[in-house]
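In this text, all values refer to a predicted model and were calculated from it rather than measured experimentally. Heads up: numbering here begins at 1 and tracks the sequence.
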Amino acid sequence: MERPLTAWLVDDEPLAITRLKRLIEEDGRLAIAGSTSDPEEAVRSIAAASPDVVFLDIQMPALTGFEVLASLPSQPLVVFTTAYNQYALQAFEVNSIDYLLKPVDPQHLERAINKLERMIGARHPRPDITRVLDQLAAAVKGERPRYPARLPSRIGERVQFVELSRVTHIYARDKLTFAAAAGRDYCIDATIAELEERLDPEKFVRVHRSTIVNIEYVHELFTWFGGKLLVRLNDPKKTELTVARDRVRAIKEKLGL
């Protein structure tokens with residue numbers, strides 16, 4: 001029996017690693033050798049383990065995915081994971097390096113593993129990783145999406161700025177939009193649809209036509225009477241919010257479910 005391909009997972013978001021692990025285990029063709037959310041630790045661990053393939057996030061603190069690869073003594077096959085589809089994805093395809101957009105879709109993961117098997121079996125050329133990294137680094141330089149860290153809340157002639165890291169959720173009521181933070185509600189001069197476009201999609205997810213939730217404050221996800229799905233937040237009020245049917249999949253994926 002042939003040895004399964006070994007994989008190492010690197011992503012600074014533990015929930016993303018949890019979801020990817022589950023999908024890889026369900027596929028059954030790869031053996032997960034390890035994982036880490038620390039890119040500097042990843043360099044040491046991958047060098048020691050020598051896995052067949054690394055699933056590697058691009059945007060991480062301390063080191064980018066490109067820098068992690070450049071620091072390795074030998075180059076494994078790589079499947080990049082990214083939330084940003086503007087990151088030179090054509091270069092990945094042209095150079096036979098695969099990529100997965102987050103949240104990872106099972107069919108796209110299957111495509112990537114199929115390509116890996118062809119490379120290992122020498123039925124598909126291996127990429128020139130150095131040349132590809134140079135191309136990608138040049139292509140993505142300065143293109144990282146910029147998301148606001150604060151939202152302005154106007155009170156008469158005064159403008160107060162609300163730190164988004166403190167905002168548990170944003171909701172619309174009576175044709176106004178409010179950001180809830182530390183037990184207070186701040187009026188925001190923007191619609192829910194506009195904020196959905198402006199905020200970091202890795203942190204904020206729209207769960208209803210009138211509600212956006214900060215994933216970091218989700219405490220529980222549970223079913224209520226009538227089959228409704230509710231989110232309970234870790235805030236002073238233990239706020240409970242209804243999840244619209246067409247938004248259930250999105251929040252589950254963000255939570256690694």
pair V231-Y217: side-chain heavy atoms closer than 4.5 Å: no

- prompt: Distance from D38 atom CG to L63 atom CG, nearest 0.5 Å?
  reply: 8.5 Å

message: Looking at T177 and A190, would you say the former's side chain and the latter's main chain have a donor-acceptor pair under 3.5 Å?
response: yes

message: Determine whether a donor-acceptor pair (N or O, by modelled atom type, separation under 3.5 Å) exists between the side chain of K203 and the backbone of L164.
response: no

- prompt: Should we count CD of E26 as having more than 12 external heavy atoms under 6.0 Å?
  reply: yes

query: So which heavy atom on S50 is nearest to which on A47, and how close?
result: OG-O, 3.7 Å

- request: Establish whether I24 and L77 are linked, either directly or via other cluster members, by ILVMFWY side-chain heavy-atom contacts under 4.5 Å.
  value: yes

field: From CA spacing to verdict: side-chain contact (heavy atoms from CB on, under 4.5 Å), K21, S35
entry: CA-CA 9 Å; K21 276 184 178 178; S35 64; 3.3 Å; yes

task: Supply the atom-to-atom distance L176 CG to T191 OG1, rounded to the nearest 0.5 angstrom.
output: 12.0 Å

- request: Please round to the nearest 0.5 Å and tell me the distance separating atom CD of E197 and atom CD1 of I192.
  value: 12.5 Å

Table please: side-chain donor-acceptor pairs of residues 207-215 below 3.5 Å, with sequence neighbours left out.
from	atom 1	to	atom 2	distance (Å)
H208	ND1	S210	N	3.2
H208	ND1	S210	OG	3.0
N214	OD1	E216	N	3.1
N214	ND2	V167	O	2.9

- request: Quick one: do R19 and E25 satisfy salt bridge (Lys or Arg N to Asp or Glu O under 4.0 Å)? Show the steps, please.
  value: CA-CA 10 Å; R19 174 175 171 76; E25 288 168 353; over 6 Å; no

field: Approximate separation, where rounding is to 0.5 Å, of R44 CZ and S71 OG
entry: 11.0 Å

message: To check you understand the geometry: which heavy-atom pair defines the closest contact between I170 and L151, and what is its length?
response: CD1-CD1, 4.2 Å

query: Just by modelled atom types, is the A42 backbone N or O under 3.5 Å from a matching donor or acceptor in the T36 side chain?
result: no

query: With a distance cut-off below 6.0 Å to the six-membered ring centre and an angular limit of 45° from the axis, does R198 pair with Y147 as a cation-pi contact?
result: no

- prompt: For the atom pair CD (E110) and CG (D105), what is the distance rounded to the nearest 0.5 Å?
  reply: 10.0 Å

query: What distance do T168 atom OG1 and H219 atom NE2 have between them, rounded to the nearest 0.5 Å?
result: 14.0 Å

- request: With side-chain contact (heavy atoms from CB on, under 4.5 Å) as the test, would you mind laying out the steps for V243 and L230 before giving the verdict?
  value: CA-CA 6 Å; V243 180; L230 298 181; over 6 Å; no

task: Apply the test ring pair (Phe, Tyr, Trp, His ring centres under 6.0 Å) to residues Y171 and H169: give CA-CA distance (whole Å), side-chain angles for both, the deciding distance (0.1 Å), then the verdict.
output: CA-CA 7 Å; Y171 65 94; H169 63 292; 5.7 Å; yes

- prompt: Side-chain contact, heavy-atom cut-off 4.5 Å: L241 with L233?
  reply: yes

query: Ignoring hydrogens and geometry, is there a side-chain-to-backbone donor-acceptor pair from D52 to T6 under 3.5 Å?
result: yes

message: Please find the pair of heavy atoms, one from L56 and one from G65, that lie closest to each other, and give the distance.
response: CD2-O, 3.1 Å

task: Find out whether S153 and F161 are in side-chain contact, i.e. whether some heavy atom of one side chain is under 4.5 Å from a heavy atom of the other.
output: no

field: Chi angles and distances behind the salt bridge (Lys or Arg N to Asp or Glu O under 4.0 Å) call for D27, R29
entry: CA-CA 6 Å; D27 181 274; R29 287 179 287 170; 2.9 Å; yes

field: Transitive ILVMFWY side-chain link V54 to M60, under 4.5 Å
entry: yes

message: Is the shortest side-chain heavy-atom distance between K254 and K252 below 4.5 Å?
response: no

- prompt: Mind checking whether V53 and P76 have side chains closer than 4.5 Å, heavy atoms only?
  reply: no

- prompt: Is a donor on one side and an acceptor on the other found under 3.5 Å between the side chain of E253 and the backbone of A250?
  reply: no

query: Can you hop from L255 to F204 via hydrophobic side chains spaced under 4.5 Å?
result: no

query: Do the side chains of V205 and L195 join up, straight or via other hydrophobic residues, at under 4.5 Å, putting them in one cluster?
result: no

query: Are any non-hydrogen side-chain atoms of F55 and L20 less than 4.5 angstrom apart?
result: yes

- prompt: Are L9 and I113 co-members of a hydrophobic cluster defined by side-chain heavy atoms under 4.5 Å apart?
  reply: yes

task: Measure from the side-chain N and O atoms of R232 to the backbone N and O of K238, and report whether any donor-acceptor pair falls under 3.5 Å.
output: no

- request: Identify the two heavy atoms, one from W8 and one from P51, that lie closest to each other, and give their separation to 0.1 Å.
  value: CB-CG, 3.9 Å

